[in-house]
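Below is one structure, written out as structure tokens, with a few remarks after it.
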Amino acid sequence: MFSLKLSSSKLRVATIIAALLTASVCASGPDERSGTLRGIIEEVRVGRSCAARLAQKYGLVEDAGATRYLNQLANALGGVSTRQELTFYVGILNDGEANAMACPGGYLFITRGALKALGDESEAAFILGEQVAHVALRHMSGYTSGVASGDVESAVDGLLPMLTGGGLGSSRIRQSDEAALVYLATLGYDVGGAARALQKMNGAAYVSAHPSAADRASALQAVQSQNGIRSGGQTNQSRYAGSVGRL
């Protein structure tokens with residue numbers, strides 16, 4: 001069974017950082033409609049089409065065991081995010097470069113190359129946590145809010161170039177990094193997995209869409225120090241290798 005233990009001290013730290021994240025998101029965040037039932041329906045509709053396009057572009061790795069494992073991991077992360085109303089779905093893109101992407105509504109992707117590059121579950125949790133955070137913080141609401149069913153494909157046309165190379169912007173990446181660190185700490189993972197993962201995600205598309213790994217790791221170290229998050233925790237290296245090592 002896939003289970004993770006929550007640490008009360010890490011929950012306290014997570015609450016502190018989550019408050020900081022909420023303040024920064026509210027200042028430049030989504031419009032009011034995106035949090036309504038209608039807004040969620042619009043978001044999922046766009047996300048489903050976005051996911052279909054990415055799956056068609058790259059192809060999917062059909063490995064039921066690895067996919068199930070990653071879906072369980074993503075939903076453990078989603079369960080400590082601000083979007084607990086969503087179910088998160090993970091697909092493995094058949095691409096040898098290390099990359100990961102999120103579509104609105106909880107549709108996440110990680111490449112075969114990324115899973116080979118990453119070394120343990122804490123590292124994978126950080127990369128998937130980034131993607132969960134982009135959804136949780138509604139970083140793509142400009143492409144989903146108020147989109148009628150007939151305009152979905154046009155919205156996806158605008159969104160896909162950002163996901164596949166342009167990036168969502170340095171401020172949103174910073175927010176997603178910090179949120180992913182919160183998720184790791186809350187679930188009892190080794191938060192050092194964040195810096196290790198950033199160094200290993202060296203696919204050309206991922207690198208071009210993000211600030212440098214060194215700058216991101218340095219910023220996360222500052223957040224960790226300022227909020228008293230201790231290093232250490234579970235890595236679940238054997239479980240990770242057993243689940244994705246055959247890809």
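The figures here come from the full heavy-atom set of this structure, side chains too, leaving out hydrogens, waters and symmetry mates.
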Practice item. Apply the test side-chain hydrogen bond (donor to acceptor under 3.5 Å, both in side chains) to residues Glu97 and Tyr206: give CA-CA distance (whole Å), side-chain angles for both, the deciding distance (0.1 Å), then the verdict. Key: CA-CA 9 Å; Glu97 286 203 348; Tyr206 187 88; over 6 Å; no
Review point. Looking at residues at least two apart in the chain, or sitting in another chain, which of them share a salt bridge (Lys or Arg N to Asp or Glu O under 4.0 Å) with Glu123?
Key: Arg196, Lys200
Practice item. Indicate yes or no: at least one non-hydrogen side-chain atom of Phe88 is less than 4.5 angstrom from one of Asn75. Key: yes
Point to revise | Heavy-atom neighbours of Gln56 CD exceed 12 at 6.0 Å | key: no
Review point. What's the verdict on side-chain hydrogen bond (donor to acceptor under 3.5 Å, both in side chains) for Glu42 and Ser145, showing C-alpha distance, side-chain angles and the deciding distance?
Key: CA-CA 6 Å; Glu42 292 166 351; Ser145 185; 4.7 Å; no
Review point. Any side-chain heavy-atom pair from Leu70 and Ile110 closer than 4.5 angstrom?
Key: yes
**Study point:** Test item: Leu115 and Tyr240 side chains (from C-beta on) under 4.5 Å apart, heavy atoms
**Key:** yes
Check your understanding: Is the number of heavy atoms from other residues, nucleotides or ligands within 6.0 Å of OH (Tyr58) greater than 12?
Key -> yes
Practice item. Considering only NZ, NE, NH1 and NH2 on the basic side and carboxylate oxygens on the acidic side, decide whether Arg45 and Glu43 come within less than 4.0 Å. Key: no
**Study point:** Test item: side-chain donor near acceptor, Glu121 and Ser243, under 3.5 Å
**Key:** no
Revision key, fill the gap. On a heavy-atom basis, the closest approach of Ala180 and Glu130 is CB-N, 3.6 Å
Check your understanding: Between Asp151 and Ser154, is any side-chain donor less than 3.5 angstrom from a side-chain acceptor?
Key -> no
Point to revise | Full working for side-chain contact (heavy atoms from CB on, under 4.5 Å) between Val156 and Tyr143 | key: CA-CA 7 Å; Val156 175; Tyr143 295 91; over 6 Å; no
Review point. When you check the gap from the basic side-chain N to the acidic O, do Arg174 and Asp215 get nearer than 4.0 Å?
Key: no
Check your understanding: Any side-chain heavy-atom pair from Phe126 and Leu198 closer than 4.5 angstrom?
Key -> yes
